There are 2 protein chains.
Amino acid sequence: MSTEQNSEDRPAAAVAAPPPAPSRTQAERRALTEERLLDAAFAIVADRGVRAVTTAAVGERAGYSRGIVNHQFGSRDQLMVRLAETVQGRFTPAPEGRRGRAHVLNVVDDYLGTVRSDARAMRVFLRLWAAAVGDEEPGLSAAFTRRDAFFRDYLRDALAEGRADGSVRADIDPAATAVALVGLVRGIAMQCQVDPALASDDRVRAAALALIDHGLPVRG
Amino acid sequence: MSTEQNSEDRPAAAVAAPPPAPSRTQAERRALTEERLLDAAFAIVADRGVRAVTTAAVGERAGYSRGIVNHQFGSRDQLMVRLAETVQGRFTPAPEGRRGRAHVLNVVDDYLGTVRSDARAMRVFLRLWAAAVGDEEPGLSAAFTRRDAFFRDYLRDALAEGRADGSVRADIDPAATAVALVGLVRGIAMQCQVDPALASDDRVRAAALALIDHGLPVRG
DNA sequence: ACTTACTTGCTAAGTGCTCAGCAACTTGGA
DNA sequence: TCCAAGTTGCTGAGCACTTAGCAAGTAAGT
């Protein structure tokens, strides 16, 4: 996936097969095709939802034929899994030097900031996650089970570190609190999805941070 | 919807048309049919997900024919909306005498308790909500936009009351904090859905309450 | 009788996937 | 260096299947 805005601006692509450069390695062709298909699937999820991702729609939006998805990925399900992994890669928290409580607050703040700064990617991520929760896409459930565990473990470790350096209360349970924090940011982002007025409201972000920041420190 | 467990224990219903009592008012027939259809739809969502709710599957599971849903509700979409409203009705918070911070904590505790005590209904609620967020079911999005606003307003008022009676910090924003709290409980419940091991872990519930309880009081 | 509940046959639209075949690329022998 | 043989990317017709909804009919209540 190069960027997310090349959803409709590939002009002649949908008409005939893409002849961008005259000569390409087979590996290059394959990689380029995969990228285009993932871009197309991304755009369709963003615009019309997970259910609208049909093999034909993806192939044609990417400038190929109806059969390309099955040829490239084997099945629609595997395309969805690859898409999920790709989108998940965008939301990997960056340590950024901070530690303990400040680190946790930073991760949460970043996450909620993404709701505004990269609304399209967040929309796709949440729609894929919703499909996984609803058990509508077999492969997605496994992909997000792994992803959730990773995110929780990351926050658990940050919380444990904060407890060790004294920036986080000693009586909290790092693992369980990590579940609550992941829930907090996801749940807020989901509401923003249903009601866009919330997404453009910085008070929600501030309230979430305040909730955490007054809950974690040793002194209130 | 009578109860949630009558999903498979209506013996002869699936074989022929239901002849439960020989004589019924037209209004009674209609009401009974509606209830059975909603029960069937509920069970299908719980067992196989929102997408598996086809008009034929619902009709036949309820002991009727394929066409009954369209006859009774006009369209599949309207069945889904009615189902959502019915399920939402189960999750209306009961005031229960408490006020301010204790009231807020009580509502959150109840909600998280439901993840274990009425897992089936919670599962259906979350799957419907996920479908609404994913924009897969047109009518559901509107139904849950209303529902979310109601739940947020309810918590906002409880928080404002707590601020007035001194049980909640004066510097919090009731409306924005309500969004965070709704997100917290929904996000936790969603994770429990994907990873059932979390659902049976009381530490998560305790951690969520601790997060709130140390965040809201005037004294830390 | 008449209205309403409900069934059943049908349709049109849409689904993922298969497969034969063509065209572009790669490889290796001369 | 060239060119045939082999491999891979990709197409597009078609298959088997599912869907929501309609229309015409039958049965049950008034």
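Just so we're clear, the structure is a prediction, and the values are computed from it rather than from any experiment.
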Thr33(B) side chain, from C-beta outward: closest of dC10(D), dA5(C), dC6(C): dC6(C)
Nearest-angstrom distance from the residue atom CE of Met80(B) to C1' of dT19(D): 15 Å
Residues which pass salt bridge (charged side-chain N to carboxylate O under 4.0 Å, His left out) with Arg146(A), listed by chain and number, not counting sequence neighbours: Glu85(A)
Those residues that, when tested against Ala158(B), pass side chain to side chain contact (heavy atoms under 4.5 Å, CB included) (two or more places apart): His103(B), Val104(B)
Under 4.0 angstrom between Ser65(A) side-chain N/O and dG12(D) OP1 or OP2: no
Interatomic distance, Glu136(B) CD vs dA20(D) C1' [rounded to whole Å]: 17 Å
Spacing between Glu34(A) atom CD and dT8(D) atom P, to the nearest angstrom: 17 Å
Length of the line joining Glu60(A):CD and dG14(C):P, which is rounded to integer Å: 12 Å
Please write out the pairs of protein N or O atoms and N or O atoms of nucleotides 20-23 of chain C separated by less than 3.5 Å, giving the distance to one decimal.
none

Salt-bridge present (Glu137(B), Arg76(B); N to O < 4.0 Å): yes
Sugar-phosphate, base or nothing in reach of Val58(B), heavy atoms under 4.0 Å: nothing
DNA chain C contacts made by residues 68-76 of chain B, counting heavy atoms under 4.0 Å: Ile68(B), His71(B), Gln72(B)
Pairing residues for Gln72(B) by the side chain to side chain contact (heavy atoms under 4.5 Å, CB included) criterion, not counting sequence neighbours: Arg30(B), Thr33(B), Glu34(B), Leu37(B)
Near-ring test Phe125(B)/Phe144(B), centroid separation under 6.0 angstrom: yes
Upstream residue (5' side of DNA chain C) when Arg66(B) and Arg51(B) are each assigned their closest nucleotide: Arg66(B)
Distance, rounded to the nearest Å, where Tyr64(A) contributes OH and dA24(C) contributes P: 14 Å
Sequence-distant partners of Thr54(A), side chain to side chain contact (heavy atoms under 4.5 Å, CB included), two or more places apart: Ala56(A), Ala57(A)
With sequence neighbours excluded, residues passing ring pair (Phe, Tyr, Trp, His ring centres under 6.0 Å) with Phe73(B): none
Identify each donor-acceptor pair in which a side-chain atom of residues 106-113 of chain A lies under 3.5 Å from a protein atom, sequence neighbours left out, and give them as a table.
residue, atom, partner, partner atom, Å
Asp109(A), OD1, Arg205(A), NE, 2.7
Asp109(A), OD1, Arg205(A), NH2, 3.3
Tyr111(A), OH, Arg186(A), NE, 3.1

Closest nucleotide among dA5(C), dG21(D), dG16(C) to the Arg30(B) side chain: dA5(C)
For Asn70(B), side chain to side chain contact (heavy atoms under 4.5 Å, CB included) partners two or more places apart: Thr55(B)
